[in-house]
Amino acid sequence: MNHSTQTHTTPQGFGPSTTPRLPIPERDAMTTAQRAAADAILNGPRKAIFGPFVPLLQTPALMERIGKTGEALRFEGTLPDRLRELAICTVARETGNQFKWQTHAPLAIKAGVAAQAIESLAAGRRPQPLLPDEECAVDFVTELMRRHGVSDASYEASVACFGTPQTVELTALAGYFAMVCWIMNVARTPGPAGSATPGLTAFPA
């Protein structure tokens with residue numbers, strides 16, 4: 001189960017060291033709680049231990065609860081796939097997280113987001129071209145990530161575009177993915193093995 005030796009992964013971080021701090025332990029070295037948490041992930045909709053669940057395996061109870069939240073947002077949410085994936089990509093770009101970017105950028109394009117928009121987002125620019133609801137989602141998530149809240153105008157625009165329940169869902173989605181991106185940034189969890197999507201580069205200094 002140890003994937004720390006996988007090749008063809010994009011290192012996490014832009015500093016002098018990008019060596020993972022918390023690779024997945026061998027199953028024989030896991031505690032009983034870690035094995036139970038790992039099995040719950042393996043038997044759930046994800047079917048594998050990857051991304052944030054590698055470092056989260058250090059705290060099995062937290063891993064289980066965070067995993068359930070992610071499942072609710074990704075598999076039971078009401079936002080269209082196109083908007084959800086675009087919002088996740090926006091968070092990944094703002095946090096500089098390779099794993100979520102390389103995982104969700106192709107999913108966003110598959111869901112209908114313009115490839116040119118994803119390319120411009122990767123470059124650190126405002127993504128274009130976007131549909132009106134995509135612009136609203138990107139503006140809301142970007143402002144939330146940079147200001148830790150949104151203005152009345154941005155809130156009202158989101159409610160007009162999505163409604164109140166989906167505005168709350170969009171906020172929770174951004175918060176959840178910011179959290180798991182931070183966890184992977186701290187752990188230096190690399191991008192997914194064998195990804196054909198180019199990794200992110202640092203924002204210009």
Side-chain angles (χ1 to χ4, degrees), residues 1-13 18-92 94-108 110-111 141 145 165-166 168-197 199:
M1 187 180 288
N2 193 331
H3 301 287
S4 61
T5 59
Q6 286 179 330
T7 57
H8 308 299
T9 58
T10 302
Q12 176 57 47
T18 55
T19 302
R21 289 170 170 154
L22 295 171
I24 191 168
E26 296 288 353
R27 189 172 180 88
D28 290 346
M30 291 182 186
T31 65
T32 300
Q34 285 176 320
R35 284 194 293 271
D39 289 342
I41 293 289
L42 292 171
N43 294 326
R46 295 181 179 88
K47 307 299 182 187
I49 309 290
F50 55 81
F53 301 102
V54 174
L56 280 170
L57 198 53
Q58 299 294 324
T59 55
L62 192 59
M63 173 184 175
E64 178 183 1
R65 289 159 177 78
I66 288 175
K68 291 295 184 184
T69 301
E71 288 177 17
L73 288 165
R74 285 203 62 199
F75 306 118
E76 301 172 24
T78 62
L79 287 167
D81 291 351
R82 173 175 51 85
L83 297 179
R84 185 186 65 248
E85 295 301 330
L86 179 58
I88 294 169
C89 287
T90 303
V91 173
E94 288 296 316
T95 58
N97 185 262
Q98 304 290 11
F99 188 91
K100 286 302 177 186
W101 177 262
Q102 291 184 301
T103 299
H104 290 276
L107 293 177
K110 182 179 179 180
V141 172
M145 292 293 296
Q166 286 192 328
V168 173
E169 183 179 330
L170 183 61
T171 304
L173 183 77
Y176 170 82
F177 279 94
M179 174 181 62
V180 295
C181 285
W182 289 334
I183 289 168
M184 287 188 284
N185 287 357
V186 169
R188 295 189 191 138
T189 305
S195 175
T197 300

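These numbers come from the heavy atoms of this one structure, side chains and all, not from hydrogens, waters or symmetry mates.
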_Beyond-backbone contact of R188 with Q98, side-chain heavy atoms, under 4.5 angstrom_ = no
*Using atom types as modelled and distance alone, determine if a side-chain donor or acceptor of E169 lies under 3.5 Å from a backbone N or O of T78.*
yes
*Rounded to the nearest 0.5 Å, what's the gap from CD1 on I66 to NZ on K68? Could you check?*
13.5 Å
*Check each of T19, T189, N185 against Q12 using the side-chain hydrogen bond (donor to acceptor under 3.5 Å, both in side chains) test, and report the only one that passes.*
N185
_Heavy-atom closest pair, residues A37 and P60_ = CB-CB, 3.7 Å
*List the atom of L42, the atom of A48, and the distance in Å for their closest heavy-atom pair.*
CD2-CA, 3.6 Å
*May I ask you to decide if the ring planes of F50 and F99 are parallel, tilted or perpendicular, using 30° and 60° as cut-offs?*
parallel
_Walk me through whether R65 and T59 qualify under side chain to side chain contact (heavy atoms under 4.5 Å, CB included)._
CA-CA 10 Å; R65 289 159 177 78; T59 55; over 6 Å; no
*asked:* If I compare all heavy atoms of A108 with all of C89, which pair ends up nearest, and what's the gap?
replied: CB-SG, 4.0 Å
*Where is the tightest heavy-atom contact between L107 and E85, given as atom of each residue plus distance?*
CB-OE1, 3.6 Å
_salt bridge (charged side-chain N to carboxylate O under 4.0 Å, His left out) against E94, all qualifying residues, sequence neighbours excluded_ = R146
*Closest contact, heavy atoms only, P192 versus T103*: CG-OG1, 3.8 Å
*Under a 4.5 Å cut-off applied to non-hydrogen side-chain atoms, are D81 and K110 in contact?*
no
_Verdict with reasoning, L170 to V141, per side chain to side chain contact (heavy atoms under 4.5 Å, CB included)_ = CA-CA 8 Å; L170 183 61; V141 172; 3.8 Å; yes
_If we check side-chain hydrogen bond (donor to acceptor under 3.5 Å, both in side chains) with Q102, which of these qualifies: T9, T197, T10?_
T10
*Shortest non-hydrogen separation from P55 to L22 and the atoms involved*: CB-CD1, 4.0 Å
*asked:* So, taking the atom named CD1 in I49 and the one named CZ in R27, what distance separates them when rounded to the nearest 0.5 Å?
replied: 9.0 Å
*asked:* Quick check: do L73 and R84 have side-chain heavy atoms less than 4.5 Å from each other?
replied: no
*Atom pair CZ (R21) and CE (M184), whose distance is rounded to the nearest 0.5 Å*: 14.5 Å
*What's the spacing between I183 CD1 and Q58 CD if we round to 0.5 Å?*
11.5 Å
*asked:* Quick check: do F53 and I24 have side-chain heavy atoms less than 4.5 Å from each other?
replied: no
*Just wondering, do K100 and V91 contact through their side chains at under 4.5 Å, heavy atoms?*
no
*Out of curiosity, E64 CD to L56 CG, how far, rounded to the nearest 0.5 Å?*
12.0 Å
